[in-house]
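What follows is a short report on a single structure.
These numbers come from a predicted model, not from an experiment. Basis for what follows: all heavy atoms, side chains included, without hydrogens, waters or symmetry-related copies.
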Amino acid sequence: MAQIYTVHPDDPQTRIIDQIRDALLSGAVMLYPTDTVYAIGCDLNSKAALQRVRQLKQISNDKPLTFLCSSLSNIAQYAYVQDPAYRIMRRLVPGPYTFILPATKLVPKLVQNPKRKTTGIRVPEHPVCQAILSSLETPVISTSAHLPEALGGSSDTFQGLSQAELFDCLDKHVDLIVDNGQEPAELCSTILDLCGSEPTVIREGLGWDEVAAQFAMV
């Protein structure tokens with residue numbers, strides 16, 4: 001069974017966040033709330049944990065994983081950001097947006113798209129996520145909290161489930177659960193591919209109206 005860490009939704013307790021950090025540094029896989037859906041995650045630099053996340057979600061090695069960075073400046077360590085992409089991102093972060101960008105050497109190969117050498121990065125507007133990122137001082141993997149059918153899940157996130165039901169579904173598959181009292185959202189992030197000269201919309205999700213408004217300004 002997973003260890004449950006109960007944190008304040010707006011002002012997460014430093015002591016508890018540091019316990020979560022220590023678990024992640026030891027290779028733990030967690031279920032945690034974000035500013036979109038609940039996510040399954042781990043320390044970006046833990047190869048064993050990355051492999052567990054892929055196995056848990058049954059994600060093939062040619063499919064990239066998304067991770068969270070603490071800020072726009074932090075993204076620059078893990079992705080090559082051209083001026084047009086930077087101008088778009090500056091208007092949108094922090095928030096429920098995933099940006100597809102060329103990866104730097106700091107991004108593990110297990111996370112990248114092996115053909116394009118790209119990765120997906122988010123800067124969350126969420127107190128718990130930001131507290132974990134600040135304590136850990138490295139990015140955190142963020143893949144939507146659903147399981148493949150072989151493990152009792154479906155192809156979609158657990159839409160319609162309460163927090164308690166979601167925790168019950170994933171309790172045996174993760175090492176720790178971060179509980180801030182937040183009920184699961186139903187929309188994933190909006191995904192923008194910023195690798196080319198013009199942005200490409202991969203998925204319209206939470207925050208799409210804001211993206212559409214920003215495109216009108218570009």
Side-chain angles (χ1 to χ4, degrees), residues 21 24 32-37 39-47 49-50 53-54 57 59-144 187-218:
R21 173 204 63 201
L24 293 175
Y32 67 106
T34 73
D35 43 4
T36 56
V37 298
I40 295 171
C42 65
D43 179 359
L44 179 70
N45 294 322
S46 176
K47 183 176 180 180
L50 288 173
V53 171
R54 282 197 175 278
K57 292 288 298 288
I59 301 173
S60 61
N61 288 335
D62 62 344
K63 301 294 184 182
L65 290 170
T66 295
F67 59 89
L68 306 182
C69 280
S70 60
S71 65
L72 188 55
S73 60
N74 188 218
I75 287 178
Q77 299 179 54
Y78 298 94
Y80 298 105
V81 183
Q82 301 299 321
D83 287 345
Y86 176 81
R87 287 194 290 269
I88 292 172
M89 294 164 62
R90 185 180 60 185
R91 294 168 176 166
L92 295 174
V93 300
Y97 310 102
T98 298
F99 305 106
I100 307 300
L101 295 161
T104 70
K105 293 181 179 180
L106 289 180
V107 180
K109 291 183 178 180
L110 276 172
V111 177
Q112 299 180 32
N113 180 314
K115 294 182 179 179
R116 299 183 66 200
K117 306 301 181 184
T118 58
T119 192
I121 303 179
R122 289 179 55 193
V123 178
E125 187 176 23
H126 193 281
V128 174
C129 291
Q130 284 291 346
I132 293 172
L133 290 168
S134 177
S135 183
L136 187 62
E137 296 184 342
T138 59
V140 172
I141 291 295
S142 180
T143 177
S144 58
L187 286 179
C188 293
S189 63
T190 291
I191 302 178
L192 300 177
D193 189 328
L194 302 181
C195 294
S197 58
E198 296 291 334
T200 300
V201 179
I202 305 300
R203 181 177 68 199
E204 296 181 13
L206 194 64
W208 168 246
D209 290 343
E210 178 69 14
V211 171
Q214 295 296 343
F215 279 173
M217 297 170 60
V218 174

Specify the closest pair of heavy atoms between [X] and [Y], including all atoms of both residues, with the distance to one decimal.
X: Leu68; Y: Cys129; value: CD1-SG, 4.0 Å
X: Arg90; Y: Leu72; value: CA-CD2, 3.9 Å
X: Thr66; Y: Ile121; value: CG2-N, 4.4 Å
X: Pro108; Y: Leu44; value: CG-O, 3.4 Å
X: Cys42; Y: Val53; value: SG-CG2, 3.9 Å
X: Glu210; Y: Tyr97; value: CB-OH, 3.2 Å

Looking at [atom1] of [X] and [atom2] of [Y], how far apart are the two atoms once the value is rounded to the nearest 0.5 Å?
X: Thr118; Y: Asn113; atom1: OG1; atom2: CG; answer: 4.0 Å
X: Ile59; Y: Thr143; atom1: CD1; atom2: OG1; answer: 4.0 Å
X: Thr190; Y: Asp209; atom1: OG1; atom2: CG; answer: 8.5 Å
X: Tyr80; Y: Thr104; atom1: OH; atom2: OG1; answer: 5.5 Å
X: Leu110; Y: Lys47; atom1: CG; atom2: NZ; answer: 6.5 Å
X: Thr34; Y: Ile132; atom1: OG1; atom2: CD1; answer: 11.0 Å

message: Tell me if a side-chain donor or acceptor on Lys63 pairs with a main-chain N or O of Arg54 at a distance below 3.5 Å.
response: no

- request: Could you tell me which residues satisfy side chain to side chain donor-acceptor pair (under 3.5 Å) with Arg21, sequence neighbours excluded, listed by chain and number?
  value: Asp18, Ser135

message: Between Val201 and Leu192, does the side-chain contact (heavy atoms from CB on, under 4.5 Å) criterion hold? Intermediate values first, please.
response: CA-CA 5 Å; Val201 179; Leu192 300 177; 3.9 Å; yes

If you define the side chain from C-beta out and look only at heavy atoms, does anything of [X] sit under 4.5 Å from [Y]?
X: Ser189; Y: Arg203; result: yes
X: Glu198; Y: Pro84; result: no
X: Ser70; Y: Gln130; result: yes
X: Phe67; Y: Thr119; result: yes
X: Pro94; Y: Pro124; result: no
X: Pro96; Y: Leu187; result: no
X: Val128; Y: Tyr32; result: no
X: Leu50; Y: Ile141; result: yes

task: For Ile202, check side-chain contact (heavy atoms from CB on, under 4.5 Å) against everything at least two apart and list the hits.
output: Ile191, Asp193, Thr200

- prompt: Does the pair Phe99 and Leu92 meet the rule for a side-chain contact (heavy atoms from CB on, under 4.5 Å), with working shown?
  reply: CA-CA 10 Å; Phe99 305 106; Leu92 295 174; 4.1 Å; yes

query: CD of Gln82: more than 12 outside heavy atoms within 6.0 angstrom?
result: no

message: List the residues meeting salt bridge (charged side-chain N to carboxylate O under 4.0 Å, His left out) with Arg87, not counting sequence neighbours, and say none if there are none.
response: none

field: Val123: which of Val93, Asn74, Asp35 passes side-chain contact (heavy atoms from CB on, under 4.5 Å)
entry: Val93

